[in-house]
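In what follows, a structure is listed as structure tokens, so that the remarks can point back to it.
Numbering of ligands and ligand atoms starts at 1, following listing order.
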Amino acid sequence: MQGIEEVRSVLSYPKRIIITSHRNPDGDAIGSSLAVYHWLMEMGHQVMVAFPSEYPAIYNWMPGINDIKIHDLEDEEVDEFINSADVHVILDYNSLSRIDKMGDRLSDQQHFTILIDHHLYPDALGDFILSDTSASSTCELVYRFIKAFSSRPQISPKMADCLYTGIVTDTGSFQYSTSPALFRTIADLMDLGVDNHGLNHMIFNNLPEKSLRLLGHCLYNRMEILDEYNTGIIFLNKHDFQVFDIQRGDTEGIVNYLLKIKHVHMAAFFRQQPSIVKISFRSKGHFSVEEIAKNYFNGGGHRNAAGGYMKSGLAAALKKFKEVLPIYKEKLTKEVLI
Ligand code: 5GP
Ligand code: MN
């Protein structure tokens, strides 16, 4: 693995290391951060994991989760650590713009930077970069990195649980982005002690009642299917956020339901947040939502899963999306090969 000797030499003495991942961290962001956290701590480094914003409560069981710092809530403590750190590990994102104010703070520093990520178009951010857009998840890449780092890689059961969590969530429970290498990795993780059945239970059967009521509301009252464009939309307004007491992470996964409809090739999920409208896009087959997110909604991501935002009201965001659809009509309506 190119450049890994330098990483080996940097990590051969105790260092202060800041690990960061993206705003609204998901299972892969949290899993990769905690796996690297445990790995580095076991090597004797001083380590802090910091996210710009809070993680969903469904991950509260993950080993080490209570050690994570949230910049929105504890900026002084995080900034102080950033200022005195030697190494910065960037996981599951590839542009400092994804971590807001924390990005401004980090861009001023001279840290040795390690970037491990699977998103498109990485900024040239790292002294060491492992960026592979064909990988299922950052956790898959972290596993590859740790294996390459040492001929006798130390992967504790805690680390294995974290890596499994990122992989199972980012692949939609092994529905997409899979490969023979990924299943070999999963087999290795199970050899290391991963109880996949137990972890799946913790990850997927862990919702409060209100989440299912919210899903019902989205599917029954807030879903619009635009047959002409093979596109489905779900939106949630400010009132919905109050009525259903929606917290961070509570809307995760809802967008995917639209793709269960046979003729829906693109799904868009609009959430009216206090100052922006956040949008999640999903697609089937060759149709790229990454292009739509990047060109029209200040965002990006992957071909089949992307996100963006608009600093407008909800109605304006929905209107803009519907204006964009005719541009993609041909691509959307012709057969989308899986
Ligand atoms: P989600 O819809 O689950 O929040 O995000 C889906 C994918 O799009 C993820 O890979 C995420 O990193 C990417 N993504 C979501 N929001 C943004 C954004 O505002 N900017 C960029 N560049 N990517 C985003
Ligand atoms: Mn990921």
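- Aromatic ring centres of His71 and Phe51: separated by at least 6.0 Å.
- Separation of the Phe269 and Phe281 ring centroids does not fall under the 6.0 Å cut-off.
- Across all their heavy atoms, Asp92 and Ser21 have their closest contact at CB-OG, 3.8 Å.
- Checking side-chain atoms of Asp75 against main-chain N and O of Asp72 turns up no donor-acceptor pair under 3.5 Å.
- For the residue pair Asp240 and Gln242, no side-chain donor N or O sits within less than 3.5 Å of a side-chain acceptor on the partner.
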Contacts table for ligand 1: protein N or O within a distance under 3.5 Å of ligand N or O, distances only.
{"residue": "ligand 1", "atom": "2 (O)", "partner": "Ser280", "partner atom": "OG", "Å": "2.6"}
{"residue": "ligand 1", "atom": "2 (O)", "partner": "Arg282", "partner atom": "NH1", "Å": "3.1"}
{"residue": "ligand 1", "atom": "2 (O)", "partner": "Arg282", "partner atom": "NH2", "Å": "3.4"}
{"residue": "ligand 1", "atom": "3 (O)", "partner": "Arg282", "partner atom": "NH2", "Å": "2.8"}
{"residue": "ligand 1", "atom": "8 (O)", "partner": "Gly307", "partner atom": "N", "Å": "3.2"}
{"residue": "ligand 1", "atom": "10 (O)", "partner": "His119", "partner atom": "NE2", "Å": "2.9"}
{"residue": "ligand 1", "atom": "10 (O)", "partner": "His302", "partner atom": "NE2", "Å": "3.2"}
{"residue": "ligand 1", "atom": "12 (O)", "partner": "Arg98", "partner atom": "NH1", "Å": "3.2"}
{"residue": "ligand 1", "atom": "12 (O)", "partner": "His119", "partner atom": "NE2", "Å": "3.1"}
{"residue": "ligand 1", "atom": "16 (N)", "partner": "Lys278", "partner atom": "NZ", "Å": "2.8"}
{"residue": "ligand 1", "atom": "19 (O)", "partner": "Lys278", "partner atom": "NZ", "Å": "3.1"}
{"residue": "ligand 1", "atom": "22 (N)", "partner": "Gly300", "partner atom": "N", "Å": "3.3"}
{"residue": "ligand 1", "atom": "23 (N)", "partner": "Gly300", "partner atom": "O", "Å": "3.2"}

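- With hydrogens and angles disregarded, a donor-acceptor distance shorter than 3.5 Å links the side chain of Asp117 to the backbone of His119.
- Of all protein N, O or S atoms, those under 2.8 Å from the Mn ion (ligand 2) number 4.
- Tested against Phe287, the residues Lys331, Lys334, His265 include a single side-chain contact (heavy atoms from CB on, under 4.5 Å) partner, Lys331.
- Between Lys322 and Glu224 there is a salt bridge, since at least one side-chain N of the basic residue sits less than 4.0 Å from a carboxylate O of the acidic one.
- Side-chain atoms of Asp26 never come within 3.5 Å of backbone atoms of Asp170 as a donor-acceptor pair (strictly under, hydrogens ignored).
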